[in-house]
Amino acid sequence: MKRWIRIRPSDDVGVALEDLAAGTKVQSDGEGSCIVLLEDIPRGHKFALRNLNVGERVMKYGAPIGVTTEPVRAGAWVHVHNLKSALDEVLDDSYRERKFSAETDGYGFPGAEKPNGSASGSGGGEDCFFQGFQRENGSVGIRNELWIIPTVGCVCDVAAALEKRAQFLVRGTVDAVCAFSHPYGCSQMDEDQENTRRILADLVNHPNAGGVLVLGLGCENSNIGVLKQYIGPFDERRVKFLVCQESEDELGDGLRLLEELADYASSFRRVPVSCSRLVVGLKCGGSDGLSGITANPAVGVCSDLLIARGGTAILTEVPEMFGAETFLMDRCENEEVFEKTVALINDFKKYFISHGKTIYENPSPGNKEGGISTLEDKALGCTQKSGSTPVQDVLSYGEPVKRWGLNLLSAPGNDLVSSTALAASGAHLILFTTGRGTPFASPVPTLKLSSNSALFRKKHNWIDFDCGTLTESGSPEELGAQLFAYVLSVASGEQVCAEKAGYHGMAIFKQGVTL
């Protein structure tokens with residue numbers, strides 16, 4: 001079993017795959033040269049493979065992850081005490097300049113090879129199927145749930161009470177009754193209020209819901225009458241509305257409407273559906289130093305396999321693309337997508353700057369404890385979830401996916417906010433990689449993938465799939481294929497840990513003033 005890894009031949013650092021003690025000898029090149037570790041190196045953390053001068057770029061994943069702040073000897077621990085970010089503020093890139101000067105192969109990181117079975121952007125993989133729900137408007141769902149969506153935070157307690165009382169409706173093909181609480185829908189202005197309306201309307205239209213009860217108060221800014229304009233045409237058998245101020249007994253009336261919705265939803269049965277109809281969200285949280293070595297590459301292979309068969313993957317958390325954004329730009333399908341990607345990155349950087357924040361206020365304390373030192377270090381590992389396929393489109397916050405293949409979505413790094421955004425854009429399920437662990441759930445099935453096996457063993461009630469096995473045997477291609485098969489099982493009805501625990505939630509991106 002490997003005890004450490006040099007991810008790319010040009011890297012200046014090795015990564016410990018297990019705790020390594022000071023004095024351990026490490027072969028630093030292919031010619032038998034060895035270095036001795038000068039201090040203990042925790043699992044997931046980095047150590048220098050050569051002497052580094054102050055101010056020198058440090059390479060990992062074949063790309064710079066920052067600059068040294070002091071001289072570093074070969075065998076020394078490389079982390080936040082001697083490494084800092086080298087990120088600039090906004091990008092000023094030209095499509096033609098990048099296309100003619102890029103040193104990558106156009107499919108990812110410098111020197112990276114496309115995984116077996118990866119797509120070139122035209123589909124072509126052997127079709128496969130999952131058992132899904134074909135909706136009457138032509139959309140497809142992987143769950144047949146009843147959703148209670150409040151228009152405003154004032155009625156969230158009513159929604160929660162209805163969820164509790166309506167559990168008897170979970171029978172037959174009805175998978176669950178879920179209320180999605182949030183504090184918004186009133187006292188908001190401009191784009192902030194628009195965000196709430198878009199997200200709520202997207203969830204009302206999500207095909208994982210066989211029936212939806214929209215629960216309003218009556219006097220809120222985003223009231224039912226306003227929200228209907230964002231929802232668009234809807235099936236009155238599938239979507240019901242209740243204004244609590246107009247009801248003498250909102251709990252009784254709400255329960256009656258949920259029973260009607262359950263009768264309608266019960267008419268749906270799972271049928272074979274091509275995986276070309278499947279949309280998968282890509283997300284990570286609580287990452288550690290192994291995330292970019294095990295879980296994220298496996299997800300990238302899984303994404304490629306799905307896209308090769310005509311499916312769609314959505315990558316988000318834009319602030320965690322900072323430092324790796326040029327590799328995504330080099331994979332843009334055309335100049336239009338390239339310009340949208342540049343705008344995606346720069347708009348988020350300007351958002352940070354406008355609030356007086358540095359763009360590299362990352363990684364988190366948990367990330368650092370797990371071995372991630374800078375935002376570049378985090379981003380280069382994070383974006384590997386996107387696999388090797390070309391970027392087909394860039395989505396604004398709350399915008400539904402329109403083009404098959406790999407999409408980039410504007411949303412922040414926050415786990416629940418970005419996962420809700422993925423669901424709102426049409427993701428049927430989310431692949432969520434983590435090195436630290438988290439129990440949270442989003443509006444759609446959220447599959448937790450551990451970057452290390454210790455987490456999988458410790459939190460079996462949180463983690464659905466162990467990617468830490470890559471430190472012992474196998475390849476990302478093999479594990480990604482196993483993950484793809486598991487994804488199809490979940491799409492066909494197999495519950496993930498969060499679903500078994502009854503967890504679900506949502507969060508909307510707050511951007512404005514509260515009145």
Side-chain angles (χ1 to χ4, degrees), residues 127 129-149 151 169 172-178 180 197-216 222 224-242 257-281 306 309-314 392-393 395-396 398-405 407 409 420-430 442-445 488 490-493 504 506:
D127 199 6
F129 298 84
F130 65 93
Q131 297 293 315
F133 295 97
Q134 184 74 54
R135 303 301 180 192
E136 295 188 13
N137 64 357
S139 64
V140 170
I142 69 167
R143 293 293 183 269
N144 193 37
E145 299 176 337
L146 302 182
W147 288 3
I148 306 168
I149 299 181
T151 62
L169 297 174
T173 62
V174 176
D175 293 316
V177 179
C178 308
F180 292 108
R197 292 168 178 172
R198 281 195 293 263
I199 295 299
L200 294 180
D202 288 340
L203 293 181
V204 170
N205 289 323
H206 199 287
N208 279 9
V212 180
L213 173 61
V214 181
L215 192 68
S222 296
I224 284 175
V226 170
L227 193 60
K228 282 182 176 180
Q229 300 172 39
Y230 291 76
I231 296 170
F234 62 89
D235 186 335
E236 294 183 357
R237 296 169 298 173
R238 180 183 170 274
V239 184
K240 305 288 184 182
F241 301 90
L242 177 62
L257 291 173
L258 286 169
E259 291 186 67
E260 293 177 12
L261 290 168
D263 288 342
Y264 173 71
S266 295
S267 66
F268 290 94
R269 299 288 184 274
R270 290 189 180 273
V271 296
V273 178
S274 168
C275 65
S276 65
R277 305 294 305 278
L278 191 61
V279 182
V280 174
L306 174 64
R309 289 153 179 78
T312 297
I314 309 174
Q392 299 290 339
D393 202 6
L395 305 173
S396 60
E399 182 181 5
V401 67
K402 301 181 293 294
R403 297 179 186 170
W404 75 272
N407 287 245
L409 168 64
T420 300
L422 287 168
S425 287
H428 293 106
L429 58 85
I430 294 169
S442 74
V444 297
L488 295 182
V490 172
S492 298
H504 52 267
M506 68 168 291

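The shortest distance between side-chain heavy atoms of His428 and Pro207 falls below 4.5 Å. Two residues are said to be in side-chain contact when any heavy atoms from C-beta on lie closer than 4.5 Å; Leu169 and Glu259 meet this criterion. Counting heavy atoms from C-beta on, the side chains of Met506 and Ser442 never come closer than 4.5 Å. Looking at Pro443 and Leu203, their side chains come closer than 4.5 Å, going by heavy atoms from C-beta outward. Taking 4.5 Å as the limit, some side-chain heavy atom of Thr312 sits within range of a side-chain heavy atom of Asn407. Under the 4.5 Å side-chain criterion, counting only non-hydrogen atoms from C-beta, Pro445 is in contact with Asn208. The shortest distance between side-chain heavy atoms of Phe241 and Leu227 does not fall below 4.5 Å. For the pair Leu215 and Lys240, the minimum side-chain heavy-atom distance is 4.5 Å or more.
Note that CG of Leu488 is 10.5 Å distant from CD1 of Ile142, once rounded to the nearest 0.5 Å. How far CG of Leu278 is from CH2 of Trp404: 14.0 Å, rounded to the nearest 0.5 Å. Atom OG1 of Thr173 and atom CZ of Arg269 lie 4.5 Å apart (nearest 0.5 Å). For the atom pair CZ of Arg237 and CD of Glu260, the computed distance is 13.0 Å after rounding to the nearest 0.5 Å. Between the CZ atom of Phe234 and the CG atom of Asn137 there is a distance of 13.0 Å, given to the nearest 0.5 Å. Rounding to the nearest 0.5 angstrom, the gap separating the CD atom in Gln229 from the CZ atom in Arg197 is 8.5 Å.
The heavy-atom pair separating Ser425 from Leu409 by the smallest distance is OG-CD1, 3.5 Å. Closest approach of Gly216 and Ile224 over heavy atoms only: N-CD1, 3.8 Å. Residues Leu395 and Glu399 come closest through the heavy atom pair CA-OE1, 3.4 Å. Listed here is the closest heavy atom pair of Leu213 and Leu261: N-CD1, 3.7 Å.
The backbone N or O of Arg309 lies less than 3.5 Å from no partner atom in the side chain of Ser276, so there is not a single donor-acceptor pair. A side-chain donor-acceptor contact under 3.5 Å links Asp175 to the backbone of Asn144. Using modelled atom types, no side-chain atom of Arg198 and backbone atom of Gly398 make a donor-acceptor pair closer than 3.5 Å. Remark: the backbone N or O of Gly138 is paired with a side-chain donor or acceptor of Gln134 at under 3.5 angstrom. Side chain of Asp202 to main chain of Gly426: no donor-acceptor pair is present (N/O by atom type, distance under 3.5 Å, no hydrogens or angles).
Of the options Ile148, Leu200, Thr151, a side chain to side chain contact (heavy atoms under 4.5 Å, CB included) to Val214 is made by Thr151 and by none of the others.
Note on ring orientation: taking the six-membered ring where Trp is involved, the planes of Trp147 and Phe180 are perpendicular (angle over 60°, cut-offs 30° and 60°).
Salt bridge absent: Arg238 and Glu136 never bring a charged side-chain N and a carboxylate O closer than 4.0 Å.
For the pair Arg135 and Phe268, the cation sits on the ring face: its NZ or CZ lies under 6.0 Å from the ring centre, inside 45° of the axis.
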Apply side chain to side chain contact (heavy atoms under 4.5 Å, CB included) to Leu146 and Val174, showing your working.
CA-CA 7 Å; Leu146 302 182; Val174 176; 4.1 Å; yes

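Under the rule for a salt bridge (charged side-chain N to carboxylate O under 4.0 Å, His left out), Glu145 has no partner lying at least two apart in sequence or in another chain.
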